[in-house]
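See structure below.
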Amino acid sequence: MLTVENTTAWLNQFAAQIEQHQSYLSELDTPIGDGDHGGNMARGLAAVKTALATQPADLTKLFQATAMALISKVGGASGPLYGTAFLEMAKQSKTDTDLGTLLAAALAGIEKRGGATTGDKTLIDVWAPVVAAVQAGKLTQTVIDDAVASTKPMVAKKGRASYLGERSAGHLDPGAVSSGYLFTTLLATEGIL
Amino acid sequence: MLTVENTTAWLNQFAAQIEQHQSYLSELDTPIGDGDHGGNMARGLAAVKTALATQPADLTKLFQATAMALISKVGGASGPLYGTAFLEMAKQSKTDTDLGTLLAAALAGIEKRGGATTGDKTLIDVWAPVVAAVQAGKLTQTVIDDAVASTKPMVAKKGRASYLGERSAGHLDPGAVSSGYLFTTLLATEGIL
Amino acid sequence: MSLGIVVVSHVPEIAAGVQRLLAQVAKDVSITIAGGTDDDQVGTSMAKITEAFDANTADELLAFYDLGSAKMNLEMAIEMSTKPVHLYDTALVESAYTAASLLQADVPLADVEAQLAPLKIK
Amino acid sequence: MSLGIVVVSHVPEIAAGVQRLLAQVAKDVSITIAGGTDDDQVGTSMAKITEAFDANTADELLAFYDLGSAKMNLEMAIEMSTKPVHLYDTALVESAYTAASLLQADVPLADVEAQLAPLKIK
Ligand SMILES: Nc1ncnc2c1ncn2[C@@H]1O[C@H](COP(=O)(O)OP(=O)(O)O)[C@@H](O)[C@H]1O
Ligand SMILES: Nc1ncnc2c1ncn2[C@@H]1O[C@H](COP(=O)(O)OP(=O)(O)O)[C@@H](O)[C@H]1O
Ligand SMILES: [Mg+2]
Ligand SMILES: [Mg+2]
Ligand SMILES: [Mg+2]
Ligand SMILES: [Mg+2]
């Protein structure tokens, strides 16, 4: 079950992963983007860590603060996308604390915000199978890794990579990889799932 | 017949008219353009005057120098258009000194450069009837004035005024008015026609 | 109901440049801009967009943007805005220029939108 | 045969901004610009365009512009240029960005032009 404590632990771990893999994420964003995804996410997650350090009173406030940090600090497409995800979780958390339900709301928010869908070579290609697995009680590292890997052959339909058309195939999507870290750290956090 | 002397006199008179009506031309360019036609033309014709003061050796050099001054100093659409006109006259003057033939070459150059045609509410709506009248030996002030006035009800199809669509109707075209000065001073120059 | 223009670009220079281009033909139209991230890097900022909405003296806005992620920040800002904002998936420079020319001539919104329609490329 | 990009705008800031946007995604593509008149007012300059052609290290160029009078100066410069220059009547920022992304990925000209085709708006 989600609590302020384990969610804080989860997001701090996510921030640590982003920091650690910052240059890898930017490298992934170089051939099919503008090479800033690592920097964008690191800036955003540093702000999230600062927000979490103030110890939000409840889950709704925690998700809201996370969303606001991402929206205001990221600067790239991933800002409004991750930001919307956490904003939807904040809304949903007022009536619900089921992780599957919260993540489903987040995914719907991402889809609405960016207009992308499964197969467009975006972070949605990680979120969609992971959310389904969480709802079915079957999230494993393999589910996450396969989802991330699935973006490699895809041709991008949204985001900067889509300007490359066919040439976007053969590269992992950077947002998919960062979302992979989000769910890997979720899986590793005691007591949430 | 065109000579270096009367052509120099013509273009100096044209420059004087442009200088005198500079603010009127820019006013005309304000509701249907960017309000710089007077400034553009004044800058260009000042450069033409300077070029003419060096007393070009022949008509070809005179037209070339005029073209270069306009192309390099005007800064707006009228620069390449008037510039191309004089460049075509320079070319034509190598084999011909008939004014009608020279002006016809100039008009063809303007049409090619800007892709506009009669009725598009541009300086072509003055050039076309005037060139025809010169070739027929029938140029009068009325021909010129009527041509300039004809642009008022037209809907612009080329240039900045075309962005206004229907709303461009009801205004004289600034380039048509400056071309009117070109031909009024031509008419007033002794011995050319 | 006065109409204004908001230009959102990933690059501060592009936003400032478009404003300069438009101001020349639309002296009486309020044109505000949001270019780059909060620290003027390449990117967009929802806060800057919101400021551009607020700074615009018109009470109904037409918004133009360059790349897709600007659109996402624009839409978030629109959801929080009290002013009505119309968002166009049209060529940034060319459509903002078209709208500015028309608004200066007091052309009503429906007619402006009709002229913007062929410039839709996103 | 290397391909480069030339950006022509009526406003120096727009040209500089587009260059900045493109440079981020196309580090190995030569991108040169001509913005504004010789004294950096709003307008275009054939001399600046010719300089942008010359300064470009590529031997074949793709040129993009904002408004019609830039096109006329571009065409005059092209007539005098020794390098082949392809001129596109496409959305300035969006098409220059598309071309830059593709050229960085070594996409051949015909394929770049196919992707530019839907961006034609002039
Ligand atoms: N419209 C969209 N819908 C969903 N995801 C998107 C969209 N556009 C971009 N993305 C995601 O955002 C990632 C890029 O993020 P980032 O590099 O931070 O932003 P930017 O592309 O603005 O520089 C992509 O790898 C992709 O996963
Ligand atoms: N494509 C074109 N073909 C012919 N004439 C044109 C064209 N575009 C503009 N013009 C002429 O140029 C005039 C405007 O010149 P000017 O104000 O100096 O340039 P700009 O519009 O670039 O500011 C118009 O009044 C029109 O007569
Ligand atoms: Mg990026
Ligand atoms: Mg970016
Ligand atoms: Mg003008
Ligand atoms: Mg001008």
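In what follows, chains carry the letters A, B, and so on, assigned in the order in which the sequence lines appear, proteins first and then strands, with residues in each chain numbered from 1. Heavy atoms only: backbone and side chains are in, while hydrogens, waters and symmetry mates are out.
- Annotation: A:Q141, atom CD; neighbour count of heavy atoms from other residues, nucleotides and ligands within 6.0 Å is above 12.
- Taking a 6.0 Å sphere around NZ of D:K27, one finds it holds more than 12 heavy atoms contributed by other residues, nucleotides or ligands.
- Atom NZ of D:K122 is surrounded by more than 12 heavy atoms from other residues, nucleotides or ligands within 6.0 Å.
- Distance check, rounded to the nearest 0.5 Å: CD of D:Q115 to OH of A:Y163 gives 11.0 Å.
- Between A:L164 and D:S101, the shortest heavy-atom distance links the atoms CD2-O, 3.1 Å.
- Neither the backbone nor the side chain of D:Q104 comes within contact range of chain A; no heavy atoms are under 4.5 Å apart.
- Enclosure of atom CD in A:E166 is not indicated, since only 12 or fewer non-hydrogen atoms of other residues, nucleotides or ligands lie within 6.0 angstrom.
- D:D111 is listed as a side-chain neighbour of A:R167, based on a closest heavy-atom distance under 4.5 Å.
- Within a 6.0 Å radius of NZ in D:K83, more than 12 heavy atoms belonging to other residues, nucleotides or ligands are found.
- Chosen from D:V112, D:T98, D:D106, the residue pairing most often with chain A at heavy-atom distances under 4.5 Å is D:T98.
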